Protein chains: 2
Amino acid sequence: MLYAVFMSASPPSLPEPQGLTGEPELLQVSTFTDEPCLRADAARNRARLLEAAARLIAEHGAAGVTMEAVAAAANVGKGTVFRRFGDRTGLLTALLDHSSRKLQADFLGGPPPLGPGAPPLERLRAFGVAVLYRSAEQLDLQLAAQPDPARRFAHPSVGALTTHVTVLLRQIEPDADCDLLARTLMSYLDPALIHHLTQQCGMPLERLEAGWSDLVARVTRTEPVARPH
Amino acid sequence: MLYAVFMSASPPSLPEPQGLTGEPELLQVSTFTDEPCLRADAARNRARLLEAAARLIAEHGAAGVTMEAVAAAANVGKGTVFRRFGDRTGLLTALLDHSSRKLQADFLGGPPPLGPGAPPLERLRAFGVAVLYRSAEQLDLQLAAQPDPARRFAHPSVGALTTHVTVLLRQIEPDADCDLLARTLMSYLDPALIHHLTQQCGMPLERLEAGWSDLVARVTRTEPVARPH
DNA sequence: CACCCTAACCGGACCACGGTCCAGTTTCTT
DNA sequence: AAGAAACTGGACCGTGGTCCGGTTAGGGTG
């Protein structure tokens, strides 16, 4: 269980300096960068908290991650958890940060078809599949980390993905209202929807995958790719 | 727990009397109907509670609708509120019930283009616009009534609308995976998305409306309707 | 290197709200 | 009239989130 020991959502007065991200430049799109220099004790506590949270998730599922429990498990005061992560959503988001960055790096600078080099349409298809599988893996966490409705779309992580889709769309259908279409496509990848379709409706992931392909084709007004079946 | 048998938000054996809605029969599809006979005192309290809740909303917005406050304002115990409506979501949903029923009646049995009689494609377009404007009117309530992510799509009210879209789609594109496409279309109409686009991104409703039209055209692979501008 | 000063950090008491429970009361039925 | 089912209300609990007096790290200074 490897989690990212850095980054998070930041509550008040967040210094947001150059960033310690050793990644190959992620443009400014890297929505997560946090303060690079925490006081030694703070950094230590932060690491402890993330570790404790991860352990709790492993043991009791995302629902078991209670702020008090995490604080206690990390031998830290409750106030500290909130100071560090802002709120529950922030903590959960921090837990997801690692895979989030990975995905972002992949489609911004990784190998085709996800990364640059492939034609936009193919990249779009690959993108959906990648997000789909990523979400499917961490469904409960992903679900629990979802902020209240009002902030759902404002969340920076969502914003980065949406922007990427918008850019790709713009290359395919320059005359369309790509912002709106991008939102629509992103909605299809909403963890809550994935959860509902797979867990509650019992659809296999393959069907969602095919659905994505089909949706992309329709939205971009391109030919459907030949389906194996 | 395998069925979605009960309605608006009923915890255990929830009677939901004719109440104060004197609507004309909504077929059985009316996902909300509850058993119509509550004990006299219960019915009286229910009405009081709804009234109190509505007043609170008018005064302090949806955020001010606290279960305790509603109970107090209705001169009723807190337990009563929960017994009647199950949970906060249930109460808020009940508040929306009236317009919800109206919408449902309109597209199930009203005049074209919303109701039967018009070609499916036109009905679909009209449907989106109707939902769009309805949501825009009651945005905060609509938002506050949104249940936690896990139940969002399971909610009967959403189910009814989705089914309707599915049926229409099936008449237009019989060979497609209409269930999936319907979900996608419905996502576009999610109150949370509407809120974000209009309030946070400052898009005018007209643009969303045009976006719906365009989206429908693309998804159904039909010609875009001529836009006035 | 020892000291000090301040900003940053810590912890846990405290609050509000959603939700549960159950002893007591009211309504309906026969 | 009397019994059973349904309803009531408020005490109670757990959790997310706030607050603030006390503590500590660590850079500047002599």
Side-chain angles (χ1 to χ4, degrees), chain A residues 8-17 34-49 52-53 56 60-94 144-148 150-151, chain B residues 9-17 34-49 52-53 56 60-93 144-148 150-151:
Chain A
S8 81
S10 18
S13 70
L14 249 226
E16 174 124 348
D34 257 6
E35 41 197 317
C37 48
L38 243 357
R39 239 169 60 171
D41 52 346
R44 186 200 40 150
N45 281 346
R46 181 173 208 278
R48 272 206 210 151
L49 284 168
L56 284 183
H60 311 109
V65 180
T66 227
M67 296 306 256
E68 296 208 23
V70 173
N75 273 310
V76 142
K78 192 176 171 183
T80 305
V81 191
F82 283 95
R83 152 168 291 263
R84 192 57 46 205
F85 298 102
D87 60 6
R88 202 180 118 98
T89 293
L91 172 60
L92 266 5
T93 300
Q146 205 148 86
D148 56 300
R151 291 184 335 189
Chain B
S10 12
S13 66
L14 242 225
E16 172 124 350
D34 271 2
E35 48 190 296
C37 50
L38 240 359
R39 243 169 56 169
D41 53 345
R44 184 199 43 151
N45 282 346
R46 180 176 203 277
R48 272 206 210 154
L49 283 168
L56 284 183
H60 310 107
V65 181
T66 227
M67 297 305 260
E68 297 206 25
V70 173
N75 274 313
V76 141
K78 191 175 170 183
T80 306
V81 190
F82 283 95
R83 152 167 289 262
R84 190 58 44 206
F85 298 102
D87 59 8
R88 202 179 118 96
T89 293
L91 172 59
L92 267 5
T93 300
Q146 203 147 88
D148 56 300
R151 290 183 333 189

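Not measured: the values here are computed from a predicted model. Proteins come first, then strands; the chains are lettered A, B, ... in the order of their sequence lines, and each starts at number 1.
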* Quick one: on DNA chain D, does Gly79(A) or Met67(A) contact a more 5' nucleotide (nearest heavy atom)? ->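 Taking each residue's closest nucleotide, the earlier one in sequence belongs to Met67(A).
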* To do: Kindly indicate, with the supporting measurements, whether the criterion side chain to side chain contact (heavy atoms under 4.5 Å, CB included) is fulfilled by Val81(B) and Glu68(B).
  => CA-CA 9 Å; Val81(B) 190; Glu68(B) 297 206 25; over 6 Å; no
* To do: Describe the nucleic acid contact of Thr80(B) in one word from base, sugar-phosphate, nothing, applying a heavy-atom distance below 4.0 Å.
  =>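 Counting heavy atoms under 4.0 Å across all strands, the contact made by Thr80(B) includes a base.
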* Asked: So what does Arg39(A) hit on the nucleic acid, given a heavy-atom distance under 4.0 Å: a base, only sugar-phosphate, or nothing?
  ->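 Answer is base: heavy atoms of Arg39(A) come under 4.0 Å of a base.
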* **Heavy-atom closest contact (Leu92(A) atom, Ala145(A) atom, distance)** =>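 Result for this residue pair: CB-CB, 3.6 Å.
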Starting the side chain at C-beta, find the nucleotide from [options] nearest to [X].
X        : options                   : result
Ala40(A) : dC10(C), dG18(C), dA25(D) : dA25(D)
Val76(A) : dG11(C), dG16(D), dC9(C)  : dG11(C)
Ala42(B) : dC7(D), dC10(C), dC12(D)  : dC7(D)
Lys78(A) : dG19(C), dC10(C), dG17(D) : dG17(D)

Over how many whole Å does the gap from [X] atom [atom1] to [N] atom [atom2] extend?
X        : N       : atom1 : atom2 : result
His60(B) : dA16(C) : NE2   : P     : 16 Å
Asp41(B) : dT25(C) : CG    : C1'   : 10 Å
Leu49(A) : dC10(C) : CG    : C1'   : 12 Å
Asn75(A) : dG12(C) : CG    : P     : 10 Å
Arg84(B) : dT20(C) : CZ    : P     : 15 Å
Glu68(B) : dA11(D) : CD    : P     : 11 Å
Asp87(A) : dT18(D) : CG    : C1'   : 13 Å
Phe82(A) : dG12(C) : CZ    : P     : 15 Å

* Asked: Does the side chain to side chain contact (heavy atoms under 4.5 Å, CB included) test come out yes or no for Asn45(A) and Arg48(A), once each step is laid out?
  -> CA-CA 5 Å; Asn45(A) 281 346; Arg48(A) 272 206 210 151; 3.8 Å; yes
With respect to the phosphate group of [N], does any side-chain polar atom (N or O) of [X] fall under 4.0 Å of OP1 or OP2?
X        : N       : value
Asn45(A) : dC10(C) : yes
Thr66(B) : dG18(C) : yes
Arg83(B) : dG9(D)  : no

* **Pairwise 5' ranking along DNA chain C for Val65(B) and Arg44(A), keeping only the more 5' one** =>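 Result of the comparison: Arg44(A).
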* Asked: Atom CG of Leu91(B) and atom CZ of Arg84(B): how far apart are they, to the nearest 0.5 Å?
  ->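 Taking CG in Leu91(B) and CZ in Arg84(B), the distance rounds to 12.0 Å.
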* **Under-4.0 Å salt bridge between Arg44(B) and Asp41(B)** => no
